[in-house]
Amino acid sequence: MSVEVDLLLQEAKESIEAAQNYRSELQQRLNGLNQARKQVRGSSGQARETLRRHFTELQAAAGRLLTERLNALLAEVDTIEADSVKPLDDCQSLIEHGVGQADELLREGEAALRCGLGEKEDKLGSFTKKAMHIQLDSLPEVPALVDVPCVSAQLDDSVLGLLRERVSRHGSVSSHPPAQIDELQERPGSILVRWCKVDEDFAAADYRLQYRRSGSGGSQYEDAYIGRDCEFLVLHLDPHTDYLFRVCARGEGRTEWSPWSIPQTGYTTLTPHEWCPGTEGYILSSRRNIALRNDSSQSRCPALYSNAPTYFCGQTLTFKITAAGPTDRRDSLGVCVDSKGAESLQRDQAVCISTNGAVFVNGKEMTNQLPAVTVGSAVTFDMEVVNLFPISNNNTPSEGGHFKLRVTIGSGNREVVFDWLVDQAVDCLYFGCSFVGCGWKVLVF
């Protein structure tokens, strides 16, 4: 073949490959469009169903409330009517009895007047005595109309206007939730979730973060955080397991939550930090991420180390103090190259902070000091590799020199930054703690 044919063949192959890539990219975009359309139609269908169900339930509840109120008012009318008619009925019975007596007396009187002279005296005497006994001058009192109830119903016509106003503002439809998951960052046995507000007109008072295992049909979302912050570290997650995260917001002065954000999937490949079990003087939680100093020996400061060197440079290691005991200058929280020391981390090949805030590097106390450690304190360690090759004390390459790590220790609202020289290249480190007094409780993550 000529060179021209070879060039044409090469160009043809490149064009075919470009066309294949182009078709693949277009197919991916079609798939994206289909997913977007599915989301729009699916969420619209769910919104319709939610609205119909809510307003149907609202109509039924409003109907029940109105019926209950109507029945209560009718019962009041019945009670007033019954209480008011009874004395009138009693009075009517008394008058009707009197009318009967008067009729009977009239008949006897008329009969006495018609009888003969021989019987007239006796008849008239009996009639007179009966008339005196009946007390014809005593009449029952009939109440005036102003003294008896005149039942009426008072209805506030403004209720309909108020109801119309509230109903016109009840519910809303939005095309986008006001907050979305922004970043999922894996941590040892946990995931740092960050979110942001995407609706600038929405004044958020609180955020609500939820999560659940992905792919579990019966798994329900659980609340992980409610507050004003825009990030939260979700702990106690199993490595290599997908989790779904979603967030919503609550507006200033409102009680209802906004629609949920689009769920985002995250997972961690990092093994969770664990304390080493079986260390004398310490009790561990079931997940081994919480250690409690349970006895005290003023002559000893036993060190508790991690179960393995699970801290890697570039990560943030956090010690959270959930309970505190008496302080001692030998107490320590820190990171070390090995787990050989039986007592305090204030030794060679370790960096730590004491409970009084003093910082130690390879057993030597620094002049800089951090706030004292107490209940609620969170002590953080961040490290990065400064050089991968051994250096001497004057920072020049050397066969028997040290490796340098840049360490940042934070406590409270302060931090110290320094370079830590270690004897060997390390890509993972142990962490540990040591306390003289009992009562100290430390969560590590």
*Asks:* Determine whether a donor-acceptor pair (N or O, by modelled atom type, separation under 3.5 Å) exists between the side chain of Ser43 and the backbone of Val40.
*Replies:*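 Checking the backbone N and O of Val40 against the side chain of Ser43, a donor-acceptor pair under 3.5 Å is found.
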*Asks:* Should Ser214 and Asp242 be marked as a side chain to side chain donor-acceptor pair (under 3.5 Å) after you check the CA-CA gap, both sets of side-chain angles, and the distance that decides it?
*Replies:* CA-CA 5 Å; Ser214 177; Asp242 287 342; 5.0 Å; no
*Asks:* Can you tell me if Thr269 and Glu186 form a side-chain donor-acceptor pair at under 3.5 Å?
*Replies:* yes
*Asks:* Between CD of Gln39 and CD of Gln46, what distance do you get to the nearest 0.5 Å?
*Replies:*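 One finds 10.0 Å between CD of Gln39 and CD of Gln46.
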*Asks:* If you take all heavy atoms of Tyr221 and Leu244, which pair is closest and at what distance?
*Replies:* OH-CB, 3.6 Å
*Asks:* Under 3.5 Å, is there a donor-acceptor pair between the side chain of Asp229 and the main chain of Glu231?
*Replies:*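 Looks like no, no N/O pair under 3.5 Å.
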*Asks:* Distance-only, no hydrogens or angles: does the Gln369 side chain make a donor-acceptor pair with backbone N or O of Asn356 under 3.5 Å?
*Replies:*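 Here the side-chain-to-backbone pair exists.
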*Asks:* Assess whether a salt bridge exists between Arg347 and Asp338, defined as any Lys/Arg side-chain N lying under 4.0 Å from an Asp/Glu carboxylate O.
*Replies:*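 Between Asp338 and Arg347 there is a salt bridge, with a charged N closer than 4.0 Å to a carboxylate O.
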*Asks:* Is the cationic atom of Arg187 (NZ for Lys, CZ for Arg) positioned less than 6.0 Å from the six-membered ring centroid of Phe445 and within 45 degrees of its normal?
*Replies:* no
*Asks:* Under 4.5 Å between any side-chain heavy atoms of Arg330 and Asp328, yes or no?
*Replies:*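 Sidechains of Asp328 and Arg330: in contact.
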*Asks:* Does CZ belonging to Arg169 count more than 12 external heavy atoms closer than 6.0 Å?
*Replies:*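 Correct, the count exceeds 12.
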*Asks:* Sort out for me which residue in Arg246, Arg212, Arg208 forms a salt bridge (Lys or Arg N to Asp or Glu O under 4.0 Å) with Asp223.
*Replies:* Arg208
*Asks:* Would Glu14 and Gln10 count as a side chain to side chain donor-acceptor pair (under 3.5 Å) if you check the C-alpha gap in whole Å, the side-chain angles of each, and the deciding distance to 0.1 Å?
*Replies:* CA-CA 6 Å; Glu14 292 176 356; Gln10 183 64 29; 3.2 Å; yes
*Asks:* Is there a side-chain contact between Thr279 and Trp275 in this structure, where contact means two heavy atoms from C-beta onward sitting under 4.5 Å apart?
*Replies:* no
*Asks:* Any donor and acceptor pair, going by atom type alone, linking the side chain of Ser158 with main-chain N or O of Asp156 inside 3.5 Å?
*Replies:* no
*Asks:* To the nearest 0.5 Å, what is the distance between SG (Cys438) and OH (Tyr282)?
*Replies:* 11.0 Å
*Asks:* Does NE2 belonging to His176 count more than 12 external heavy atoms closer than 6.0 Å?
*Replies:* no
*Asks:* Could you tell me whether Leu145 atom CG has more than 12 heavy atoms of other residues or ligands within 6.0 Å of it?
*Replies:*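 Not more than 12 within 6.0 Å, no.
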*Asks:* Quick one: does Leu233's side chain get under 4.5 Å of Leu235's, heavy atoms only?
*Replies:* yes
*Asks:* Under a 3.5 Å distance rule, please check whether Lys197 uses its side chain to pair with a backbone N or O of Phe202 as donor and acceptor.
*Replies:*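 Looks like yes, one N/O pair under 3.5 Å.
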*Asks:* Taking it one step at a time, do Leu284 and Ile290 satisfy side-chain contact (heavy atoms from CB on, under 4.5 Å)?
*Replies:* CA-CA 6 Å; Leu284 306 184; Ile290 300 175; over 6 Å; no
*Asks:* Is the side chain of Ser24 donor-acceptor paired with the backbone N or O of Gln20 at a distance under 3.5 Å, no angle test?
*Replies:* no
*Asks:* Tyr267 and His240: aromatic ring centres closer than 6.0 Å?
*Replies:*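 Ring centroids of Tyr267 and His240 are no less than 6.0 Å from each other.
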*Asks:* Minimum heavy-atom separation for Gln180 to Pro177, with atom names?
*Replies:*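 Result for this residue pair: NE2-CG, 3.3 Å.
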*Asks:* Assess the residue pair Leu237 and Tyr211 against the criterion (side-chain contact (heavy atoms from CB on, under 4.5 Å)); give the C-alpha distance rounded to whole Å, side-chain angles, the decisive distance to 0.1 Å, and a yes or no.
*Replies:* CA-CA 10 Å; Leu237 302 181; Tyr211 75 102; 3.8 Å; yes
*Asks:* Got a second to check how far Tyr311's OH is from Phe431's CZ, nearest 0.5 Å?
*Replies:*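 Rounded to the nearest 0.5 Å, the OH-CZ separation comes to 11.5 Å.
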*Asks:* So do Leu7 and Leu9 actually touch side chain to side chain, heavy atoms under 4.5 Å?
*Replies:* no
*Asks:* Within the 4.5 Å heavy-atom criterion, are Val337 and Asp348 side-chain neighbours or not?
*Replies:*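 No; the side chains remain at least 4.5 Å from each other.
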*Asks:* If you count the non-hydrogen atoms of other residues, nucleotides and ligands that lie under 6.0 Å from CZ in Arg53, is the total more than 12?
*Replies:* yes
*Asks:* Nearest 0.5 Å please: distance from the CD atom of Gln185 over to the OG atom of Ser190.
*Replies:*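 Answer for the CD-OG pair, Gln185 versus Ser190, is 9.5 Å.
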*Asks:* Output yes when Glu17 and Lys13 qualify as a salt bridge under the 4.0 Å nitrogen-oxygen rule, no when they do not.
*Replies:*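 Salt bridge between Glu17 and Lys13, a charged N being under 4.0 Å from a carboxylate O: no.
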*Asks:* Begin from the C-alpha positions of Gln315 and Phe381 and carry the test side-chain contact (heavy atoms from CB on, under 4.5 Å) through to its verdict.
*Replies:* CA-CA 8 Å; Gln315 298 177 359; Phe381 285 77; over 6 Å; no
*Asks:* Mind listing the closest non-hydrogen atom pair of Lys320 and Ala378 along with its distance?
*Replies:*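 Reported closest heavy-atom pair: CD-CB, 4.2 Å.
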*Asks:* Name the residue from Ser354, Cys301, Cys433, Cys352 that meets the side chain to side chain contact (heavy atoms under 4.5 Å, CB included) definition with Leu345.
*Replies:*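 Only one of Ser354, Cys301, Cys433, Cys352 forms a side chain to side chain contact (heavy atoms under 4.5 Å, CB included) with Leu345, namely Cys352.
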*Asks:* Just wondering, are more than 12 heavy atoms of other shown residues or ligands nearer than 6.0 Å to CD in Glu365?
*Replies:* yes
*Asks:* Keeping Tyr305 on the side-chain end and Ala308 on the backbone end, is there a donor-acceptor pair under 3.5 Å?
*Replies:*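 Absent.
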*Asks:* Any side-chain heavy-atom pair from Leu405 and Val385 closer than 4.5 angstrom?
*Replies:* yes
*Asks:* Quick one, Val379 and Ile409 - any side-chain contact, counting heavy atoms below 4.5 Å?
*Replies:*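 Touching, per the 4.5 Å side-chain cut-off.
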*Asks:* Could you check whether any side-chain heavy atom of Val442 comes within less than 4.5 Å of a side-chain heavy atom of Ile321, counting everything from C-beta outward?
*Replies:* yes
*Asks:* For a side chain to side chain donor-acceptor pair (under 3.5 Å) check, start with the C-alpha distance between Ser332 and Ser434, then their side-chain angles and the critical distance, and finish with the verdict.
*Replies:* CA-CA 5 Å; Ser332 58; Ser434 61; 2.4 Å; yes
*Asks:* Other residues, nucleotides and ligands only: do more than 12 of their heavy atoms fall within 6.0 Å of CZ on Arg48?
*Replies:*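 12 or below, so no.
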*Asks:* Applying side-chain contact (heavy atoms from CB on, under 4.5 Å) to Arg293 and Ile283, what does each step give before you reach the verdict?
*Replies:* CA-CA 7 Å; Arg293 181 77 166 92; Ile283 297 176; over 6 Å; no
*Asks:* Do the side chain of Asp427 and the main chain of Phe312 share a donor and acceptor less than 3.5 angstrom apart?
*Replies:* no
*Asks:* Are Asp382 and Arg406 ion-paired here, with the side-chain N under 4.0 Å from a carboxylate O?
*Replies:* no
*Asks:* Taking the cut-offs as 6.0 angstrom to the six-membered ring centre and 45 degrees off its axis, would you call Arg250 and Trp257 a cation-pi pair?
*Replies:*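 Yes, a cation-pi geometry holds between Arg250 and Trp257.
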*Asks:* Looking only at heavy atoms, which two atoms of Val335 and Trp420 are closest? And how far apart?
*Replies:*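 Val335 and Trp420 have their closest heavy atoms at O-CH2, 4.0 Å.
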*Asks:* What do the steps show when you test Asn289 against Ser285 for side chain to side chain donor-acceptor pair (under 3.5 Å), and what is the final call?
*Replies:* CA-CA 6 Å; Asn289 60 343; Ser285 63; 3.1 Å; yes
*Asks:* Report yes or no: does Asn362 contribute a side-chain atom to a donor-acceptor pair with the main-chain N or O of Gln349 at less than 3.5 Å?
*Replies:*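 Such a contact is found between Asn362 side chain and Gln349 backbone.
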*Asks:* Could you tell me whether Trp195 and Phe232 have their ring centroids closer than 6.0 angstrom?
*Replies:*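 No, too far apart.
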*Asks:* Could you state the interatomic distance from CG (Leu155) to CG (Leu160), rounded to the nearest 0.5 Å?
*Replies:* 11.5 Å
*Asks:* Taking all atoms of both residues into account, what is the closest heavy-atom pair of Thr322 and Val375, and its distance?
*Replies:* O-CG1, 4.0 Å
*Asks:* Of all heavy-atom pairs between Ser411 and Ile353, which one has the smallest distance, and what is that distance?
*Replies:*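 In terms of heavy atoms, the two residues are closest at CB-CD1, 4.4 Å.
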*Asks:* To the nearest 0.5 Å, how far apart are CZ in Arg37 and CG in Leu30?
*Replies:* 9.0 Å
*Asks:* Is the backbone of Val193 close enough, under 3.5 Å, to the side chain of Gln264 for a donor and an acceptor to pair up by distance?
*Replies:* no
